[in-house]
Chemist: 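Below are the C-alpha cells for one structure; questions will follow.
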Amino acid sequence: ILLNVTSGTTLKVYSNYTFNATLFDGSQNLSQSWNMAQTRKIVFTFFDLFISACDILNQENEVYLLAQNVTAISSCFNVTANNVTLDCQGYTIHHSTQGTPAFKFGIAGKGSNFTTVKHCKIDEGSTLGNSNDGIILDKLHSADIINTTFFVRGYSSNAIFLRNVSKSSLRDNYISL
C-alpha cells in the first residue's frame, strides 16, 4: 500500500507496516516499522541541513551544508554542539567585512568536540581589522579542517587559530596572505 499523506494526517491501519517519509526536496529519507494492532502515533522529524546565512550550529551529530555564499559584518558561524560538520560545498564565508571591531571570526568553536570544517573558502573581508581569524577553535577534542582556502587580509589575523585542542587534523588547506 502506497499512501501520500501530508503533515497531521491520521490513518487507521491494522497489520505490520513500514512507514517511509521523504523530505519534500528528496534530500532525506526516514523509515519506521510497526505492528499496527494498536493505535500508535508515528512522528518523523526532519532537520534542515542546508544553511544559507551565518548562524549558531547547535545540533549535535549534525552535518550542515552551506547552500550559498554568506557574508557577515563581524563573525559568521559559531559551533556550540559536539560532532558538528560544516561542509561549505565550495561556497565562501565572507567575515569581518567592516574590519572593526577586532577579534571576529569566520567559524568559531569552544568546547565543541569532534568539529569538522571542509570544502570552504573563508575570506576575511577587510584589511582594516586585526585579529579576525578564519577559524578559531578552543578547548575541544578532535578538530578536522579539510580542503579549505583562507584569504587573510588584516593585521595580526590568522587563517587557523587552535588553542587547547587535542587530536587535530589539517589536510589539503591553502592560505593566501
Side-chain angles (χ1 to χ4, degrees), residues 23 27-31 44-177:
L23 197 58
S27 64
Q28 296 181 55
N29 297 297
L30 299 176
S31 179
F44 292 93
T45 304
F46 291 97
F47 293 99
D48 186 5
L49 297 176
F50 293 93
I51 51 177
S52 57
C54 297
D55 206 350
I56 297 171
L57 308 182
N58 59 6
Q59 294 293 322
E60 193 163 298
N61 304 313
E62 190 64 79
V63 176
Y64 292 89
L65 302 171
L66 196 56
Q68 64 184 28
N69 296 332
V70 293
T71 300
I73 292 171
S74 60
S75 299
C76 194
F77 291 107
N78 195 358
V79 180
T80 61
N82 290 328
N83 199 27
V84 167
T85 296
L86 174 60
D87 184 345
C88 295
Q89 303 187 105
Y91 289 108
T92 302
I93 299 169
H94 300 279
H95 70 95
S96 310
T97 57
Q98 291 188 348
T100 56
F103 306 107
K104 298 302 174 188
F105 50 83
I107 303 167
K110 184 172 185 178
S112 46
N113 297 314
F114 306 102
T115 299
T116 300
V117 176
K118 60 184 181 178
H119 311 300
C120 297
K121 295 175 188 163
I122 302 176
D123 180 21
E124 180 185 7
S126 175
T127 59
L128 300 176
N130 61 43
S131 300
N132 294 318
D133 300 327
I135 296 177
I136 181 167
L137 300 175
D138 186 21
K139 297 180 182 170
L140 58 89
H141 174 75
S142 188
D144 293 315
I145 302 171
I146 306 162
N147 192 29
T148 295
T149 300
F150 297 87
F151 300 94
V152 180
R153 304 182 197 292
Y155 173 78
S156 196
S157 295
N158 300 293
I160 304 167
F161 186 83
L162 304 177
R163 179 176 44 214
N164 300 314
V165 174
S166 62
K167 194 178 177 245
S168 60
S169 171
L170 309 174
R171 296 189 314 263
D172 302 320
N173 298 298
Y174 176 79
I175 300 171
S176 174
L177 304 174

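Predicted model only: the values in this text are computed from it and were never measured. Numbering of residues begins at 1 and proceeds along the displayed sequence.
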Chemist: Please find the pair of heavy atoms, one from Ala143 and one from Val165, that lie closest to each other, and give the distance.
Modeler: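 Shortest heavy-atom separation between Ala143 and Val165 comes out as CB-CG1, 4.1 Å.
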
Chemist: Quick check: does any side chain N or O of Arg153 sit under 3.5 Å from a backbone N or O of Glu124, one acting as donor and the other as acceptor?
Modeler: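 Such a contact is found between Arg153 side chain and Glu124 backbone.
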
Chemist: For Lys104, is there any backbone N or O sitting under 3.5 Å from a side-chain donor or acceptor partner on Asn132?
Modeler: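 Present.
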
Chemist: Using 0.5 Å steps for rounding, measure from the CD1 atom of Ile93 to the OG atom of Ser75.
Modeler: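 Taking CD1 in Ile93 and OG in Ser75, the distance rounds to 11.5 Å.
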
Chemist: Got a sec, which pairs hit side-chain hydrogen bond (donor to acceptor under 3.5 Å, both in side chains) with one end in residues 83-95, sequence neighbours left out?
Modeler: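 Counting only pairs at least two positions apart or across chains, the side-chain hydrogen bond (donor to acceptor under 3.5 Å, both in side chains) contacts touching residues 83-95 are Asn61-Asn83, His94-Asp123.
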
Chemist: Step by step, would you call Ile51 with Leu66 a side chain to side chain contact (heavy atoms under 4.5 Å, CB included)?
Modeler: CA-CA 5 Å; Ile51 51 177; Leu66 196 56; 4.0 Å; yes

Chemist: With no hydrogens and no angle check, is any side-chain donor or acceptor of Asn82 less than 3.5 Å from a backbone partner on Glu60?
Modeler: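 A pair under 3.5 Å: no.
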
Chemist: Quick one, Lys118 with Asp144, criterion side chain to side chain contact (heavy atoms under 4.5 Å, CB included). Give me CA distance, side-chain angles, the key distance, then yes/no.
Modeler: CA-CA 8 Å; Lys118 60 184 181 178; Asp144 293 315; over 6 Å; no

Chemist: Working to the nearest 0.5 angstrom, can you tell me the gap between Ile160 CD1 and Ile175 CD1?
Modeler: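 Nearest 0.5 Å value for the CD1-CD1 distance: 5.5 Å.
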
Chemist: Of all the heavy-atom pairs spanning Phe105 and Ser96, show the shortest one and how long it is.
Modeler: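 Closest pair (atom of Phe105, atom of Ser96, distance): N-OG, 4.2 Å.
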
Chemist: Does Leu86 form a side chain to side chain contact (heavy atoms under 4.5 Å, CB included) with Ile135? I'd like the steps, not just the answer.
Modeler: CA-CA 12 Å; Leu86 174 60; Ile135 296 177; over 6 Å; no

Chemist: Please name the pair of heavy atoms, one in Gly106 and one in Cys76, separated by the smallest distance, quoted to 0.1 Å.
Modeler: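 Answer, listing the atom of Gly106 first, then Cys76: O-CB, 3.2 Å.
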
Chemist: So, does Thr115 use its side chain to make a donor-acceptor pair with the main chain of Val84 at under 3.5 Å?
Modeler: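 No; zero donor-acceptor contacts below 3.5 Å.
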
Chemist: For residues 166-177, pull every pair meeting side-chain hydrogen bond (donor to acceptor under 3.5 Å, both in side chains), keeping only residues two or more places apart or in separate chains.
Modeler: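 Those involving residues 166-177 are His141-Ser166, Ser169-Arg171.
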
Chemist: On a heavy-atom basis, which atom in Asn158 and which in Asp133 lie closest, and how many Å separate them?
Modeler: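 Smallest heavy-atom distance, with atoms named: N-OD1, 2.9 Å.
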
Chemist: If you apply the rule side chain to side chain contact (heavy atoms under 4.5 Å, CB included), what do you find for Val70 with Phe77, and how did you get there?
Modeler: CA-CA 10 Å; Val70 293; Phe77 291 107; 4.0 Å; yes

Chemist: For a quick test of reading the model, state the closest non-hydrogen atom pair linking Asn147 to His119 and the distance between them.
Modeler: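 That would be ND2-ND1, 3.0 Å.
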
Chemist: Between Ser112 and Leu140, what is the shortest heavy-atom contact and its length?
Modeler: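 Smallest interatomic distance, heavy atoms only, reads O-CD2, 3.5 Å.
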
